[in-house]
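What follows is one structure encoded as structure tokens, with my remarks underneath.
These numbers come from the heavy atoms of this one structure, side chains and all, not from hydrogens, waters or symmetry mates. Letters A, B, ... are given to chains in the order of the sequence lines, protein chains preceding strands, and every chain is numbered from 1.
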2 protein chains.
Amino acid sequence: MQVTIRDVAKASGVSPSTVSRALAPGGAVSPVTRERVRAAADRLGYQPNQAARGLITGRTGHLGVIVPDLLNPFFADICKGVQARARGLGLTVFVSDTERDEGLELDAIRTLAPQVDGIVLCSPHLSGEELGSLGDFTDKPIVLLHRKEPGFGCVTADLVEGMTDALTHLHALGHRRIAYVGGPRSSWAARERAAGVEAVAASGLVEIVQVGSVAPHFDGGVTGAADVVLASGASAVLAFDDIVAFGLISRFTVRGVRVPEEMSVVGCDDIALSGMAAPPLTTVSVPKAHGARAAVDLLCRILATPAAEGEQPPQRVLLTHLVVRGSTAALDRRQRA
Amino acid sequence: MQVTIRDVAKASGVSPSTVSRALAPGGAVSPVTRERVRAAADRLGYQPNQAARGLITGRTGHLGVIVPDLLNPFFADICKGVQARARGLGLTVFVSDTERDEGLELDAIRTLAPQVDGIVLCSPHLSGEELGSLGDFTDKPIVLLHRKEPGFGCVTADLVEGMTDALTHLHALGHRRIAYVGGPRSSWAARERAAGVEAVAASGLVEIVQVGSVAPHFDGGVTGAADVVLASGASAVLAFDDIVAFGLISRFTVRGVRVPEEMSVVGCDDIALSGMAAPPLTTVSVPKAHGARAAVDLLCRILATPAAEGEQPPQRVLLTHLVVRGSTAALDRRQRA
DNA sequence: GTGAAAGCGCTAACAA
DNA sequence: TTGTTAGCGCTTTCAC
């Protein structure tokens, strides 16, 4: 079977507790003993049993990440980021894909909570109340990633600024009538982005044509939205996210409308695909890996210093930036066409 | 704190052991008691502590999946599949993204092994010897997914047949000179697929132009390969996987070569993107979710019936099928162009 | 059918 | 600095 702490103890001629101390970071052991124990542990290939340790310390050494869809590269990137940071901290991570199903999401939280030290939750769709009621199920810390909700530690990106940058860019290119294809109404991120767009519209910088809301799947019903955009007389379109943007471009191509010559397209997220597509997508870059790392760090900070009663956990807002690529062009190029 | 088995015991007026039995599937308890215990457990919101249970039973209730890159939708799909099946079995899954780094992969196996009941390993790059030496680190069962290696339980797809179907399809369309852009030489899947292509070439059905090997990233150096294909006089190209195929198409577009009119392209894997791209990709569909489920099931079977000494664990080969979409066309259309 | 007791592998008091 | 003891929450003998 497995090598236990007692095997190491016997092999190095000390007691199990000494082994425990020798292997722990701040254990009070003589350097000689520590070395001897280390050597024995290495030789035997000793791996502490996390479960047994956790029973005592109350720490599992595990983190949970919950995302709506791993196939969306945005979330795949987030999982990679969480994982990479966790690995650096000696933590292993459970990944739960909830298939955009709120029931599964609640289940996942309930199942994961007892088995982890904390959870990084990407939950665009759960309502604020549902989120708030999570405290009834568990007292494990939950950090919201790319969503802001009172009472939770949060890491978000400043999408209002991001949308503003995107529209300002289009304005600078001469576009005055711009369509916005929104994301699902139930999504927090979609509402946030829409708010950013509306703020710009209210400022009168450009005219915004709102074009419904669309699910961010590759197989989502973007076709109709693309046709509406085409009919609207807009010379440019801003999409809820890159996936929607690709869907639009695909439909534009079918309809014989060239991007960017006849239609400028801006996405949001900057998923890995965006730089490689033809044309490469101009998009609002959201810090995915960085956000993931920040969420893990925030989780660890909360773990290290339990919040005082009623104290609001920290909320961190990251910066976005516009990446100008090949899917946007000056309006006059279109007129020449 | 947490609700323990003793809280439930007290609440239902029985001993902890009775609670344990009442909640276990095959526990010998009177129906009345079981009901009473169940009710109390529900009322208190009792969740058995997996760690404590595992300490005794030797089962963690956890599974590990190790993949080279979560951003590759092929592997994202696999993780989703493993997850979905595991959820149905009451298991939670650790996901480890090894960033295509063999060192990280070995680390991941070593780290994960003690914390899980078994591992689903997608490891294209580890050598057969390295794989074989895994037994020194752990006796936890490891099932190889999309790779075959003696001594391991394996779930693979029949890519030799898949490649044959693809080339036969192109042949039927009138193509006689076909380029093959291979994957990384260190990859088992790449070698397997190449073998399939070579088998067809040897049969004399079509002429195959081998065009080096290319990394399956979206940002990989496909450009050069595309140019070689163009220069080779081939009228069609078969790519190692869909991602490479997209890279090729992207370059063809830049070079002004129309797909499928002037160049037919076939991918492999059938990632989610493939059906949505413009043009939608003709590709060899590999059963991703199905393979993932089969791997989990195989793992569970091995767990349930430990293999006899020296006995070869089961190996399962799944079928592929060609999905004909819009990236392939008959050769004469090209001549008309 | 049920309870008492032992112990999984480990860490944290407490002594020495 | 080190060893001894107790016990984390649970399951599993073993009695009854």
Side-chain angles (χ1 to χ4, degrees), chain A residues 1-38 40-41 44-62 90 92 111 113-117 138-140, chain B residues 1-38 40-41 44-62 90 92 111 113-117 138-140:
Chain A
M1 249 289 279
Q2 169 178 217
V3 182
T4 82
I5 202 172
R6 311 213 312 215
D7 299 318
V8 180
K10 254 169 228 159
S12 46
V14 296
S15 75
S17 28
T18 300
V19 174
S20 175
R21 280 184 290 247
L23 265 24
V29 202
S30 81
V32 203
T33 315
R34 162 162 290 145
E35 216 25 72
R36 202 151 33 103
V37 171
R38 285 240 168 105
L44 299 178
Y46 169 69
Q47 298 259 110
N49 181 322
Q50 281 283 356
R53 171 180 292 173
L55 215 44
I56 291 231
T57 60
R59 288 294 167 87
T60 60
H62 304 156
T92 25
T111 314
Q115 325 210 41
V116 300
D117 295 332
T138 177
D139 38 14
K140 296 288 172 63
Chain B
M1 249 287 278
Q2 168 178 217
V3 183
T4 82
I5 203 172
R6 313 213 313 212
D7 299 318
V8 179
K10 253 169 228 159
S12 45
V14 295
S15 75
S17 24
T18 300
V19 174
S20 175
R21 281 186 289 248
L23 266 23
V29 202
S30 82
V32 203
T33 315
R34 162 161 290 144
E35 215 25 72
R36 202 149 35 101
V37 171
R38 285 241 169 102
L44 299 178
Y46 169 69
Q47 299 256 110
N49 181 322
Q50 282 282 357
R53 171 179 291 173
L55 215 44
I56 292 230
T57 61
R59 287 294 167 86
T60 60
H62 304 156
T92 26
T111 315
Q115 325 211 40
V116 299
D117 295 333
T138 177
D139 38 13
K140 295 287 172 65

Quick one: what's the B/S/- string for nucleotides 10-16 of chain D, heavy-atom cutoff under 4.0 Å, read 5' to 3'?
BBBB---

In whole Å, I'd like the distance from the CG atom of A/Leu44 to the C1' atom of C/dG9.
15 Å

Okay, side chain of B/Thr60, backbone of B/Asp117: is any donor-acceptor separation there less than 3.5 Å?
yes

Taking C-beta and beyond as the side chain, do B/Thr18 and B/Val29 meet within less than 4.5 Å on heavy atoms?
yes

Using 0.5 Å steps for rounding, measure from the NZ atom of A/Lys140 to the CD atom of A/Gln115.
8.5 Å

Side-chain donor or acceptor of B/Arg36 paired with backbone N/O of B/Ser12 under 3.5 Å
yes

If the test is side-chain contact (heavy atoms from CB on, under 4.5 Å), which one of B/Thr33, B/Thr4, B/Asp7, B/Ile5 qualifies with B/Val19?
B/Ile5

Without decimals, in angstroms, what is the distance between A/Lys10 NZ and D/dG3 C1'?
15 Å

Round to the nearest Å and state the distance from A/Leu55 atom CG to C/dC8 atom P.
13 Å

